[in-house]
*Asks:* 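Have a look at the structure that comes next, please.
Below, read A as the first sequence line, B as the second, and so on, with proteins coming before strands; counting in each chain starts at 1.
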There are 2 protein chains.
Amino acid sequence: MATTYRDIKADLLHQITQGQLPPGSTLPNEVELAATYGCARATVNRAMRELADDGFIERRRKAGSRVRDAPVRQARFTIPVTRQEVADLGATYSYALVSRDVAPAPDRLRARLGLAAQDHLLHLVCMHYADGAPYQYENRWINLSATPDAAHFDFAQSGPNEWLIAQVPFTDVQISFHAVPADATLAAHLDCAAGDALFQVERTTRLDRQAVTFVQLSYRPGHRMTTQY
Amino acid sequence: MATTYRDIKADLLHQITQGQLPPGSTLPNEVELAATYGCARATVNRAMRELADDGFIERRRKAGSRVRDAPVRQARFTIPVTRQEVADLGATYSYALVSRDVAPAPDRLRARLGLAAQDHLLHLVCMHYADGAPYQYENRWINLSATPDAAHFDFAQSGPNEWLIAQVPFTDVQISFHAVPADATLAAHLDCAAGDALFQVERTTRLDRQAVTFVQLSYRPGHRMTTQY
DNA sequence: TAGTGGTCTAGACCACGGA
DNA sequence: CCGTGGTCTAGACCACTAA
């Protein structure tokens with residue numbers, strides 16, 4: 001008889017989703033479950049640990065394991081490189097550098113990124129195309145104090161994201177999703193009307209609290225970000 | 001000396017982010033690492049398994065473990081109940097049922113949810129408020145073939161999401177994030193101008209492939225969905 | 001203070017999949 | 001083939017925390 005941690009996990013999950021273990025109810029402890037399933041406690045432990053990681057149960061020493069009231073279901077989004085994202089659509093990817101300059105950080109960004117007054121930023125504006133049509137407008141700032149090499153790289157051929165991923169380590173990322181109306185600049189680059197509703201992603205990347213880069217990605221109208229879990 | 005799996009994970013992660021283990025490089029195998037750290041192989045295994053789960057390394061039998069080129073970083077979003085979401089803002093939550101009716105599924109939804117022609121849907125429109133101001137417009141359909149009980153519940157007092165979470169099991173969820181312009185209805189309910197850019201979430205919930213519910217959540221202008229990893 | 005989960009060990013067998 | 005990771009075991013000690 002093979003009782004794997006997957007079997008146990010699947011069985012418990014089944015009992016949860018089918019209502020035999022309703023929200024708030026307490027599961028048997030690990031020793032009991034190990035006896036029930038006829039396996040080692042470590043095997044039960046792994047099954048339950050994964051259920052907890054997945055947000056189905058809540059575990060506390062001494063108190064035991066309970067089925068969560070409102071399962072803290074979590075959606076996982078992979079953060080793709082735009083080139084890959086376009087390729088996955090079955091479209092041909094192309095790229096263009098719109099502008100590039102180095103300047104002290106604007107106040108708004110300085111506050112947001114926690115930069116000093118003397119920090120300089122490399123500001124890049126880029127366009128990403130799918131089959132020649134505008135796909136994404138990228139507005140990026142790179143902290144040259146954290147990544148001086150970026151000043152010497154020519155971003156005319158490929159996007160800064162690919163370069164950063166390959167060259168610069170990071171530890172923390174903050175992401176925000178929201179909707180904005182297209183301004184004149186966005187409208188011109190994304191080939192849409194001013195005021196159109198655009199899906200926008202903002203991402204701040206840090207290495208041990210020091211801001212490395214901030215990027216604002218604006219997608220063409222109608223773009224959807226989808227996931228499944 | 002206490003070498004925990006957390007120590008090992010942190011140490012390897014440090015070596016990866018600091019460039020001592022560059023993308024594409026192969027890590028020592030589990031037996032070697034266990035010797036290096038002076039611990040059991042199972043401990044190393046857990047550290048490396050988590051690094052793989054987190055997307056930092058790729059593991060293959062016989063081939064060994066490699067640092068990923070482009071770390072498949074994943075953002076995790078908790079899918080909150082609106083009541084909780086508003087409470088977390090420090091605002092007072094209130095709710096109102098706007099409309100409720102039962103009808104055969106419109107073609108568009110029937111196709112999307114994979115419903116039969118005779119399936120009937122409970123269609124609910126609700127408003128969620130934060131400190132009395134419009135926060136979210138909820139447009140929901142519930143498959144009565146999957147959840148007949150919903151027909152007998154009065155949603156005047158609390159939202160369908162809370163009821164569904166407590167009453168109805170599900171196995172699969174599909175989510176989409178995007179931006180839409182406010183139409184007249186949305187503008188009226190969210191107290192904004194028609195055409196305003198709104199952040200919208202669409203979610204389809206299934207139990208073993210059978211569609212349970214589909215919901216379209218439209219947020220007030222300026223809403224941001226944020227996460228960190 | 002006692003029960004529960006968190007973690008580690010030393011060893012074992014197995015499945016996958018490069019060479 | 002045979003090296004690597006995947007998993008299980010039986011036992012142990014410990015940390016946290018509810019009662």
*Asks:* Only pairs at least two apart or in different chains count here, so list each salt bridge (charged side-chain N to carboxylate O under 4.0 Å, His left out) that has a residue in residues 143-154 of chain A.
*Replies:* none
*Asks:* Does Arg209(A) come within less than 4.0 Å of Asp172(A), counting only side-chain N to carboxylate O?
*Replies:* no
*Asks:* Under 30°, 30 to 60°, or over 60°: which ring-plane class applies to Trp163(B) and Phe155(B), parallel, tilted or perpendicular?
*Replies:* perpendicular
*Asks:* Applying salt bridge (charged side-chain N to carboxylate O under 4.0 Å, His left out) as the test, list every pair that has at least one member in residues 21-31 of chain A; sequence neighbours left out.
*Replies:* Glu30(A)-Arg41(A), Glu30(A)-Arg59(A)
*Asks:* A cation-pi test, strictly: NZ or CZ of Arg220(B) under 6.0 Å from the centre of the six-membered ring of Tyr135(B) and no more than 45 degrees from its axis. Yes or no?
*Replies:* no
*Asks:* Mark up nucleotides 1-9 of chain D, 5' to 3', with B wherever a protein heavy atom is under 4.0 angstrom from a base atom, S wherever such an atom reaches only the sugar-phosphate, and - elsewhere.
*Replies:* --BBBBBSB
